[in-house]
Amino acid sequence: MSWLQRLREGLTKTRENISKAIPWGGNPEEVLEELEYALIAADVGVEATQEILEEVRASGKRDLREAVKEALVLQLEPDARRAKLRKLGFKPDAKKATVEPAGKVVLMVGVNGVGKTTTIAKLGQYYRSKGKSVMFCAGDTFRAAGGAQLGLWGERLGIPVIQGEEGSDPAALAFDAASARKARGVDLLMVDTAGRLHTKHNLMEELAKVKRSIAKADPGEPGEVWLVLDAVTGQNGLEQAKRFNETAGLTGVIVTKLDGTAKGGVLVPIVRELGVPIKFIGVGEKADDLQPFDAGEFVEALLG
Ligand code: GDP
């Protein structure tokens, strides 16, 4: 099954609910009223839904489905990119996220269970397929299983993994990894971090320390800080996500498990709340089940 089929399959229920509820060809006000319920039910959020309705009304377009798609695509972009997208006239290229990392080190954050380790493996595979040399740092030294799991992925994919002892200082390990990347001239280092939910305060402090120590080893890095969020629990994860943003200064989000039972609309509040772009989406458990986010394709899968 292609990734797009997996995405479409994951969003089947939402898409059916929307297409059943909305009499697209009918009276425009009736269409918009049904649309309001359907979007809120799909987790798009009240505020964004109101904006979408206003935008569709203001567009004066006769083809309501097209107008709704365009409004939804815009809601999936952080403010800064919206204007650009309008100017470019929704050309397909404009809707694809820029996934070329800004620097050489990507710091990966997120709570346990969202799919962070798997996503790091997938990203390693992705960037290597684009011709980059890649290294991992198993920075979740709090969880022995986390390090071991990334080690296994590294073995499987042939990507070197810098690992520390269980319980060792993650900031020291990240420092070593960032120094090693520089010394070896590797194109990209992905740094895993702890994601334990209890002892929340320490987690954030530790994260800030890891980030600082990467910068100490390699000034200007990490060029990116990406948060991994699980689409199935997305709405509940948002408060947590804001804390990660405050502490680590996110530059992007990766949303996993869109092949599952997620309603999908939650991507809109994620972008609104965090103000950073969605870089990739995860659509399965295998190394190649990851795709650069394309708002246009996503909206197609959601609305049909
Ligand atoms: P971590 O605790 O955040 O590091 O999470 P893991 O990477 O260990 O993943 C937790 C579970 O989610 C594992 O069973 C993964 O195979 C699964 N998983 C990760 N990403 C996806 C995805 O995009 N789709 C699906 N269906 N499962 C995923």
Side-chain angles (χ1 to χ4, degrees), residues 1-14 97 99 106-126 136-157 159 161-164 166 170 173-174 190-200 203-204 206-207 210 225-234 236-238 240-241 243-244 248 250 252-264 266-267 270 278-294 297-298 301-302:
M1 211 195 286
S2 77
W3 73 270
L4 198 56
Q5 283 169 317
R6 281 169 174 278
L7 174 67
R8 291 186 63 88
E9 188 135 318
L11 297 177
T12 300
K13 204 152 171 248
T14 304
V99 293
V106 182
L107 186 63
M108 300 290 297
V109 304
V111 299
N112 289 344
V114 293
K116 185 154 48 75
T117 311
T118 313
T119 300
I120 292 172
K122 290 173 175 177
L123 287 167
Q125 160 109 332
Y126 176 85
F136 294 150
C137 171
D140 185 0
T141 55
F142 185 79
R143 197 173 54 153
Q149 200 195 339
L150 193 61
L152 278 178
W153 274 113
E155 249 171 58
R156 213 177 301 164
L157 299 173
I159 291 175
V161 185
I162 307 256
Q163 264 170 297
E166 184 182 350
L173 188 69
M190 320 264 347
V191 181
D192 194 10
T193 56
R196 58 190 187 276
L197 255 181
H198 54 288
T199 65
K200 238 188 299 181
L203 174 65
M204 294 299 163
E206 185 180 284
L207 200 59
V210 167
V225 182
W226 291 348
L227 172 78
V228 183
L229 266 182
D230 169 344
V232 182
T233 56
N236 298 330
L238 263 174
Q240 204 71 36
R243 297 224 29 219
F244 277 110
L250 302 178
V253 178
I254 296 172
V255 185
T256 61
K257 307 190 190 180
L258 275 164
D259 55 315
T261 54
K263 292 181 185 171
V266 72
L267 268 65
I270 289 173
I278 294 169
K279 296 282 184 181
F280 289 90
I281 53 173
V283 290
E285 301 186 81
K286 292 195 306 298
D288 51 5
D289 291 332
L290 180 87
Q291 279 291 318
F293 179 63
D294 180 319
E297 268 165 359
F298 183 79
L302 199 66

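None of the values given here were measured: they were computed from a predicted structure. Remember, it's 1-based here, ligands and their atoms both numbered in the order they're listed.
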task: Validate the cation-pi geometry between R6 and W3: distance from NZ or CZ to the six-membered ring centre under 6.0 Å, angle to the ring axis within 45°.
output: no

- prompt: What residue and heavy atom of the protein are closest to atom 3 (O) of ligand 1, and at what distance?
  reply: K116 N, 2.7 Å

Any donor-acceptor pair under 3.5 Å from K257 side chain to V283 backbone: no

field: Polar proximity ligand 1 side, K257 side, N/O cut 3.5 Å exclusive
entry: yes

- request: Any atoms of ligand 1 less than 4.0 Å from a non-hydrogen atom of G282? List them with their elements.
  value: 23 (O)

query: For G115 and ligand 1, does the shortest N/O to N/O distance drop below 3.5 Å?
result: yes

- prompt: Hey, is the main chain of D140 close enough, under 3.5 Å, to the side chain of T193 for a donor-acceptor pair?
  reply: no

query: Is the closest heavy-atom distance from G260 to ligand 1 below 4.0 Å?
result: no

message: Suppose we measure from atom 7 (O) of ligand 1 to each protein heavy atom; which comes out shortest, and what is that distance?
response: T118 OG1, 2.5 Å

task: Taking only Lys NZ, Arg NE, NH1 and NH2, and the carboxylate oxygens of Asp or Glu, determine whether K116 and D192 approach each other closer than 4.0 Å.
output: yes

- request: Record the part of K122 in heavy-atom contact with ligand 1 below 4.0 Å; permitted values are side chain, backbone, both and neither.
  value: side chain

message: Contact between ligand 1 and D289 is defined here as a heavy atom of the residue under 4.0 Å from a ligand atom; is it met?
response: no

field: Proximal ligand 1 atoms for R143, defined as those under 4.0 Å from one of its heavy atoms
entry: 1 (P), 2 (O), 4 (O)

- prompt: Distance-only, no hydrogens or angles: does the Q5 side chain make a donor-acceptor pair with backbone N or O of S2 under 3.5 Å?
  reply: yes

query: About how many Å separate CG of D289 and OG1 of T256, when rounded to the nearest 0.5 Å?
result: 11.5 Å

- prompt: Is there at least one pair of N or O atoms, one from T117 and one from ligand 1, spaced under 3.5 Å apart?
  reply: yes

query: Should the pair E297-R8 be classified as a salt bridge under the 4.0 Å nitrogen-to-oxygen rule?
result: no

field: Gap separating the CG atom of D230 from the OG1 atom of T119, nearest 0.5 angstrom
entry: 9.5 Å

message: Just to confirm my output: which protein heavy-atom neighbour is closest to atom 25 (C) of ligand 1, and how far is it?
response: D259 OD1, 3.5 Å

message: Heavy atom to atom 10 (C) of ligand 1, shortest distance: which of G110, A262, G113, G10 holds it?
response: G113

Side-chain donor/acceptor of T117 to backbone N/O of L150, under 3.5 Å: no

task: Answer yes or no: is there a donor N or O on one side and an acceptor on the other, between the side chain of T141 and the main chain of G164, under 3.5 Å?
output: no

statement: among protein heavy atoms, the one nearest atom 21 (C) of ligand 1 is G284 O, 3.4 Å

- prompt: How far is atom 16 (O) of ligand 1 from its nearest protein heavy atom, and which residue and atom is that?
  reply: E285 OE1, 2.6 Å

message: Which of the numbered atoms in ligand 1 are under 4.0 angstrom from any heavy atom belonging to V283?
response: 23 (O)

